[in-house]
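Here's the structure we're looking at; comments come further down.
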Amino acid sequence: MAYHLCSSPSSLFHDRQPLCNSLSSPPKLGSKTSTFTYSFKPTLLPSQPKTLLQITHVSLQDPIPLESQNLNPSKGNDSQYPDGKSGSSSKNYIWVNPKSSRASQLRKNSYDARYASLVKMAESLNSCSPNEEDVAEVLRGLGDRILEQDAVTVINNMVNPETAYLALRYFQQRLKLSREVILYNVTLKVFRKCRDFDRAEKLFDEMLERGVKPVNTTFSTMITCARLCSFPHKAVEWFEKMPSFGCVPDGVTYSAMIDAYGRAGNVNMALSLYDRARAQKWRIDPVTFSTLIKIYGTSGNFDGCLNVYEEMKALGVKPNLVIYNTLIDAMGRAKRPWQAKIIYREMKKNGFLPNFGTYASLLRAYGRARYGEDALSVYKEMKEKGAELTIVLYNTLLAMCADLGYVDEAVEIVEDMKNSGTCKPDSWSFSSLITIYSCSGKVSEAEVTLNEMFEAGFEPNIFVLTSLIQCYGKAQRTDDVVRTFHRLLELGITPDERFCCCLLNVMTQTPKEELSKLTDCVEKADSKLGHVVQLLVGEQDNDEEFKRGSSELFDSIGSDVRKAYCNCLIDICVKLDLLQRASLTALHVWINDLTKALDSGEELPPLLGINTGHGKHKYSDKGLAAVFESHLKELNAPFHEAPDKVGWFLTTKVAAQSWLETRSSPGLVAA
């Protein structure tokens, strides 16, 4: 009696077949071996490993004739190769007692042993020189009777693209291949492992030249290779080639294309495929979910990011670290640090340890939202773990410290940066530190930092000089303000509206006797603003000219600085005891904004009000309200002082709209 052992066939070619409980062996004429037939139902003990036998009529001592393993499938069927699975047609298997003296002999003659030798041959090819002679020397170990199945196994286990191609050529020259496309497919997979997309495309062209028709697996390999190589446009290109070769993408390929289209910038196609994936219940991998979250985040649809995250969990797909990092980053850009914190806690609860990407996303999220304590806590944890920050992350922390007034923390961060060995303060770093010192009134520290900035090879930008002027202004060092302004002009920097606003703010803190030193600076920075300031500081008694000049000024500046200009001019008026011009300034700005809102079709609220306030400024015994009341009567405005609300003048939407539409005074109508 003889057996053919098939104890653990390679998954490349076979599925395991169920254990059959019958065994038969035909009689041999002239043989001294007893002939018998029997059936049995073995009882397997828990401690005994299962061994499967496939019966054939060969001697135990003969080598296994692999040709008998149905290596040449019917035409058009290649499912026993890497493209799919197929088992032998025989279902005759028995269990062999592992304690039997013949068990080791049977294992030695099994295909498992041959498969192991083929894997070793692949390893030898991976390390040999990439030339035909050395590759042929290794492959000669297969002998003269090479099987197509062996060729597929060898190449499929390779990772060297150069020797894999030479091995392919060797087999093509010596084998009559029944399904040559399979050999090409496994070679393409080697190129995919090595992320060598260029070789993959050239091999595909060679396939076509040899008349080999690609199949679905060929295209899915090319598409995934392009994705791994970060060539999403190429993945799209190959996906769209499939119909011309008669290939229809399956659900897995479609799902992969959600990622590819998203990365290629075709958001509509990616989202369309995602909707189809949900409807047809395709399996979507975590990489694709990560891309979908990025798509929604980039478009500003941050709720969409969270919806994808919840859908992914509902489908049973477990988020990986990349997805958590992508979500945290999206919530940071959405200025939702509380949601970033929730996701981070969930990530740690699910057993993931934060990496650099996690920390970077958290720092950006907390830093942008000015979550000072949380940001500094993350920074401390990064330092404890020896993580190296980039200059961008250092500057994010410093910008946050500047906004929150964290002086000591900022100084420590800069020192850490200097000692890191990987980062040095750049222009933005120095700018933030100077701003921090300036806002804190630390003049000498700001000047020392400015000198360091020069020594490091950086010229101060307009932000640095604006901070310095603010610092000198608080310290009432008017001459230094003027000197810094002239430095700005020498550097060829054009003063912007924020810089001019800073000059105005400095004037509100400057003694009356020194205001004239700054008026020249203001006039050089902005002639219209300079004209209005000259009218105030020169105490020229010309209200009509002041109205005209202020009207031109406020019509020419941006809405983001209009309120600041107005407040500073009012403060200067108060300083100079020009109460009436203060009220004119404020009233003009308000009416101007109201007129523009009406002209743009904006709906006015049912009730409108002017609040003159009753706070820090004690303008006169009557206060600012009395001055406002006089101007409102002069303009015939339908505002009346509220008896129960001090400093408030109220009117209805209908009355205000009618009044604004009939106004014709050029000094109060927007240009």
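- A cation-pi geometry, defined here as NZ or CZ lying under 6.0 Å from the six-membered ring centre and within 45° of its normal, does not hold between Lys341 and Trp338.
- In summary, the aromatic rings of Phe463 and Trp428 are positioned with their centroids under 6.0 Å apart.
- Side-chain atoms of Tyr359 and Lys385 form a donor-acceptor pair, as typed in the model, at a separation below 3.5 Å.
- Donor-acceptor pairing under 3.5 Å is recorded for the side chains of Thr358 and Asn355.
- Remark: Phe639 engages Trp590 in a ring pair (Phe, Tyr, Trp, His ring centres under 6.0 Å) (not counting sequence neighbours).
- Between the side chains of Asp275 and Ser272, no donor-acceptor pair of N or O atoms lies under 3.5 Å.
- Looking only at distances, no side-chain donor or acceptor of Ser438 sits under 3.5 Å from a matching main-chain atom of Gln470.
- Considering only heavy atoms from C-beta on, Tyr344 stays 4.5 Å or farther from Val378 through its side chain.
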Exercise for the section: Check step by step if side chain to side chain donor-acceptor pair (under 3.5 Å) holds for Asp374 and Ser377. Expected result: CA-CA 5 Å; Asp374 292 300; Ser377 176; over 6 Å; no
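- Under 4.0 Å is where a charged nitrogen must lie from a carboxylate oxygen, and between Lys418 and Glu415 at least one such pair does.
- Between Phe219 and Phe204, the ring centre distance stays below 6.0 Å.
- Interatomic distance, Ile462 CD1 to Leu491 CG, rounded to the nearest 0.5 Å: 10.5 Å.
- Paired with Asn185 under the rule side chain to side chain donor-acceptor pair (under 3.5 Å), one option of Thr221, Thr218, Asn216 passes, and it is Thr218.
- With Glu497 contributing its side chain and Gly558 its backbone, the two residues share a donor-acceptor pair below 3.5 Å.
- Residues passing the side chain to side chain donor-acceptor pair (under 3.5 Å) test with Thr435, sequence neighbours excluded: Ser467.
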Handout entry: salt bridge (Lys or Arg N to Asp or Glu O under 4.0 Å) evaluation trace for Lys313 with Glu310
Key = CA-CA 5 Å; Lys313 292 192 292 183; Glu310 294 302 325; 3.4 Å; yes
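- A distance below 6.0 Å separates the ring centres of Phe239 and Tyr254.
- Taking the charged nitrogens against the carboxylate oxygens, Arg336 and Asp303 do have a contact shorter than 4.0 Å, which makes a salt bridge.
- A donor atom on one side chain and an acceptor atom on the other are found under 3.5 Å apart for Asp416 and Tyr379.
- A side-chain donor from one of Ser429 and Asp426 sits under 3.5 Å from a side-chain acceptor of the other.
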